S.K.: 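My questions will all concern the structure given below.
Along the sequence shown, residues are numbered consecutively beginning with 1. Since the structure is predicted, the reported quantities are computational estimates derived from the model, not experimental observations.
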Amino acid sequence: MLRNIFTICILTLMLAVQAQKDERPNVIFILTDDQQVGLLGVEGNELIQTPNLDKLANEGVRFTNGHVSTAICTPSRICMLLSQYERKHGVNFNSGTSVAPEAWAQSYPVVMRNNGYYTGYVGKNHSPIGKGGYASGLMEKSFDYWYAGHGHLSFYPKKRHEIFEDAYHNTQVEIMQEGVNDFMSNEHRLGGALHFIDERPKDKPFLLNICFNLPHGASTGTMKLLKGDSVIYRDLYRDIEIPMPENYIAKADIKEPKLPASIHRASDRQAGYDYVDTPKKNKERIIRQMQAMTGIDGLVGNLRQVLKEKGLDKNTIIVFTSDHGLFMGEQGMGGKALCYEACTNVPMIIYNPLDKKKSRKRVSDELILTIDLAPTILSYAGIEAPKEFQGKDVSGIVSGTKDKVRDYLFTENMWSTQFGNPRCESIQNKEWKYIRYYKNENLSAATKIAAAKQLGIPVNKMLYSVHDPDIALYRSFVEGPLNGEKAVYEELYHLSEDPKEVHNLASKKEHAEILETLRSEWKIAIKEARGEGKPKVLRYTADSMMEQFGTVKNH
């Protein structure tokens with residue numbers, strides 16, 4: 001009798017503990033850097049080896065019309081974290097600002113942590129948060145587990161970031177794999193990792209952000225093909241023919257630039273984006289991109305295996321995308337920060353094992369933005385999205401219960417600097433895209449470089465330092481088009497017939513009606529992107545940093 005009573009008590013206690021366990025799904029968000037569409041086998045690349053990502057895409061939903069809202073690293077990443085257009089959050093390389101703590105408090109990782117999720121971050125952070133930006137420490141403290149470096153990592157992160165010094169490996173993907181394994185194992189063997197809770201609670205769901213600095217050229221450009229590197233990074237793809245991208249034009253063969261020189265000063269572009277110079281240089285860059293993607297693919301495969309071994313695979317949602325694409329010499333163009341498909345269209349996969357099988361294993365051409373990912377993730381977690389979010393919950397499209405969330409998609413670029421890139425915005429549907437450009441009056445990089453050399457000033461300091469007056473210039477970029485600033489150049493592309501955007505139809509009379517329709521839609525979209533109120537940002541310039549660290553006094 002006593003034994004039966006004891007057994008009943010134990011069972012009751014076990015049921016009570018089980019009832020308290022949070023059964024919400026785990027979420028893993030994987031973000032690559034500068035990954036253009038076409039670097040996955042599932043996207044039609046017959047040369048690249050990405051079996052694990054291909055399998056993830058084939059088992060989930062792959063979006064062919066996934067786009068970033070701005071095609072440059074820092075603002076694009078903040079757009080995803082805050083689910084806001086750049087025009088609303090107000091942070092870019094040239095903005096002279098960082099994300100204010102009150103705005104950061106509404107980011108999806110912080111909201112999930114405040115709602116019971118154990119959160120981790122591994123890899124690259126390129127989002128300045130709080131007073132002093134990267135030096136504030138706010139980003140690190142916002143996660144329960146942190147194994148990441150601010151800014152670029154390089155292919156060999158140990159030489160650049162102290163946090164990775166205790167890693168066994170030397171190469172970026174493999175160091176990040178160690179961080180992922182450490183997070184998943186709950187053993188905390190990595191000396192450099194920061195963990196603000198002793199171990200990952202087994203009764204709580206987790207959110208893990210895995211953010212690469214690959215296949216970005218800044219990292220692949222530092223590859224040294226060392227003996228200790230994986231054979232992937234030394235020999236793979238070097239014994240096969242590497243074709244140039246469709247519509248590739250070498251620099252010497254450009255007869256007429258894609259954009260007028262008054263709009264886009266290609267001669268001032270950053271040296272790292274020399275894809276267009278020669279086929280030989282471009283081939284080496286493509287090989288390194290492909291090698292990096294195969295390395296990333298291996299990490300994804302290992303991660304999914306660990307999830308299966310731990311019995312977490314059936315309750316873990318995986319989201320995969322990139323912060324933007326870029327030109328690899330197509331139409332004589334190199335780099336990003338434009339509104340063309342090469343820059344804004346990115347790979348996007350959402351794998352939700354909790355959805356019915358018949359709704360998975362699909363390819364969707366619905367118009368999706370990366371700012372939609374945060375509200376979608378919160379929806380999966382059963383958390384209400386903050387009112388500040390501008391993205392749409394696309395979980396219904398993923399599950400097959402909803403057709404679409406928008407008819408038109410808006411993108412923008414306000415990283416207009418000495419490197420010759422123009423301000424531009426675009427509005428598109430599945431068939432047409434309209435792009436508008438504004439006057440480019442920025443000082444030339446060549447002029448700055450010449451002055452720096454003449455006076456013995458470090459060139460990078462001259463080119464990349466942002467000062468207080470730049471804040472006002474950036475704000476004029478944000479507000480100008482809303483206050484009547486006129487476009488000085490326009491483009492119209494029939495995407496369904498001309499997906500590579502080769503033929504500008506803006507001047508064709510037969511398309512005047514669609515052009516006017518898209519202009520009207522642009523006017524609506526840009527107002528929605530700007531939103532209401534002042535941007536929730538802090539001053540973050542060379543001047544503010546000098547004051548903060550006591551080297552300059554206010555007068």
Side-chain angles (χ1 to χ4, degrees), residues 28-41 43 45 47-53 56 68 71-74 76-77 80 121-127 147-161 163-164 167 169-180 208-226 228-238 272-273 275 282 284-303 319-326 328 335-336 343 346-349 370:
I28 297 176
F29 180 77
I30 303 173
L31 182 68
T32 59
D33 198 344
D34 277 28
Q35 182 188 344
Q36 70 269 28
V37 168
L39 278 177
L40 297 177
E43 293 173 333
N45 189 322
L47 301 179
I48 201 164
Q49 298 176 30
T50 54
N52 297 297
L53 284 165
L56 183 71
V68 296
I72 186 75
C73 301
T74 285
S76 179
R77 289 166 185 255
M80 294 183 217
Y121 195 109
V122 174
K124 168 187 175 179
N125 170 48
H126 218 167
S127 305
Y147 192 58
H150 299 299
H152 288 291
L153 301 188
S154 92
F155 196 70
Y156 305 99
K158 289 163 109 175
K159 296 180 180 179
R160 194 174 182 114
H161 296 281
I163 196 169
F164 301 124
H169 293 89
N170 291 311
T171 47
Q172 183 185 143
V173 173
E174 287 61 40
I175 287 175
M176 289 178 61
Q177 179 75 73
E178 290 183 53
V180 171
L208 176 60
N209 289 67
I210 305 172
C211 300
F212 293 95
N213 192 193
L214 289 168
H216 195 297
S219 282
T220 56
T222 63
M223 294 170 72
K224 298 185 185 301
L225 283 67
L226 302 176
D229 294 351
S230 165
V231 66
I232 291 172
Y233 309 128
R234 289 186 284 110
D235 301 330
L236 191 61
Y237 305 121
R238 294 193 174 278
Y273 296 109
Y275 311 103
N282 209 31
E284 180 62 25
R285 285 187 175 274
I286 292 171
I287 288 173
R288 294 186 181 204
Q289 279 188 333
M290 292 170 65
Q291 290 174 335
M293 286 308 307
T294 297
I296 290 170
D297 183 79
L299 183 149
V300 172
N302 291 336
L303 172 62
V319 178
F320 177 90
T321 192
S322 184
D323 60 354
H324 53 78
L326 75 167
M328 295 287 294
K336 49 205 174 190
C343 302
V346 290
M348 189 180 290
I349 301 165
T370 46

S.K.: How long is the straight-line distance from NE2 of H150 back to CG of N125, given to the nearest 0.5 Å?
M.R.: 5.5 Å
S.K.: Looking only at heavy atoms, which two atoms of I30 and L303 are closest? And how far apart?
M.R.: CD1-CD2, 4.3 Å
S.K.: Distance from S127 atom OG to M80 atom CE, nearest 0.5 Å?
M.R.: 9.0 Å
S.K.: Taking only residues two or more places apart in sequence, or in another chain, which ones meet Y233 in a ring-ring contact (aromatic ring centres under 6.0 Å, His included)?
M.R.: F155
S.K.: With a 3.5 Å distance limit and no angle check, can you tell me whether N52 reaches the backbone of L299 through a side-chain donor-acceptor pair?
M.R.: no
S.K.: Are the side chain of E178 and the backbone N or O of H169 linked by a donor-acceptor pair below 3.5 Å?
M.R.: yes
S.K.: For S76, enumerate each residue passing the side chain to side chain donor-acceptor pair (under 3.5 Å) test, keeping only those at least two apart in sequence or located in another chain.
M.R.: none
S.K.: Just one of D33, D34, T32 clears the side chain to side chain donor-acceptor pair (under 3.5 Å) bar with N213, so which one?
M.R.: D33
S.K.: Under a 4.5 Å cut-off applied to non-hydrogen side-chain atoms, are C343 and H324 in contact?
M.R.: no
S.K.: Ion pair present between D229 and R234, side-chain N to carboxylate O less than 4.0 angstrom?
M.R.: no
S.K.: Measure the spacing between OH of Y156 and CD of Q172 and express it to the nearest 0.5 Å.
M.R.: 11.5 Å
S.K.: Enter the distance from I232:CD1 to M290:CE here, rounded to the nearest 0.5 Å.
M.R.: 12.5 Å
S.K.: If you look at every heavy atom in K158 and N170, which pair is closest and at what distance?
M.R.: NZ-OD1, 3.2 Å
S.K.: Quick one: CD1 on I210 to OH on Y121, what's the gap to the nearest 0.5 Å?
M.R.: 11.0 Å
S.K.: With a 4.5 Å heavy-atom cut-off, do L214 and K124 have their side chains touching?
M.R.: no
S.K.: Could you check whether any side-chain heavy atom of I48 comes within less than 4.5 Å of a side-chain heavy atom of T294, counting everything from C-beta outward?
M.R.: yes
S.K.: Roughly how far, to the nearest 0.5 Å, is the OG1 atom of T220 from the CD1 atom of I286?
M.R.: 11.5 Å
S.K.: Please find the pair of heavy atoms, one from Q289 and one from L326, that lie closest to each other, and give the distance.
M.R.: NE2-CD2, 4.2 Å
S.K.: Under the side chain to side chain donor-acceptor pair (under 3.5 Å) rule, collect the residues that match up with R238, sequence neighbours excluded.
M.R.: E284
S.K.: Does any N or O in the side chain of R77 come within less than 3.5 Å of the main-chain N or O of D323, such that one atom is a donor and the other an acceptor?
M.R.: no
S.K.: Can you tell if the side chain of M176 reaches within under 4.5 Å of the side chain of I296, non-hydrogen atoms only?
M.R.: no
S.K.: Are M293 and L53 packed together at the side-chain level, in the sense that at least one heavy-atom pair is separated by less than 4.5 angstrom?
M.R.: yes
S.K.: I would like to know whether Q35 and F212 meet side-chain contact (heavy atoms from CB on, under 4.5 Å); could you show each step before the answer?
M.R.: CA-CA 10 Å; Q35 182 188 344; F212 293 95; over 6 Å; no
S.K.: If I compare all heavy atoms of Q36 with all of M328, which pair ends up nearest, and what's the gap?
M.R.: NE2-CG, 3.3 Å
S.K.: Restricting to non-hydrogen atoms, name the atom on G123 and the atom on F164 that form the minimum distance, rounded to 0.1 Å.
M.R.: O-CZ, 4.0 Å
S.K.: Show your working on side-chain contact (heavy atoms from CB on, under 4.5 Å) between K159 and S154 and close with a plain yes or no.
M.R.: CA-CA 8 Å; K159 296 180 180 179; S154 92; 5.7 Å; no
S.K.: Show, in sequence, the C-alpha distance, side-chain angles and deciding distance for T321 and L31, and conclude whether the side-chain contact (heavy atoms from CB on, under 4.5 Å) test is met.
M.R.: CA-CA 5 Å; T321 192; L31 182 68; 3.8 Å; yes
S.K.: Between Q49 and L236, does a side-chain contact (heavy atoms from CB on, under 4.5 Å) hold up when you go through it step by step?
M.R.: CA-CA 10 Å; Q49 298 176 30; L236 191 61; 3.6 Å; yes
S.K.: Are H216 and C73 close enough that some pair of their side-chain heavy atoms sits under 4.5 Å apart?
M.R.: yes
S.K.: Taking all heavy atoms of P215 and all of L39, pick out the closest pair and write down the distance.
M.R.: CG-CD1, 4.1 Å
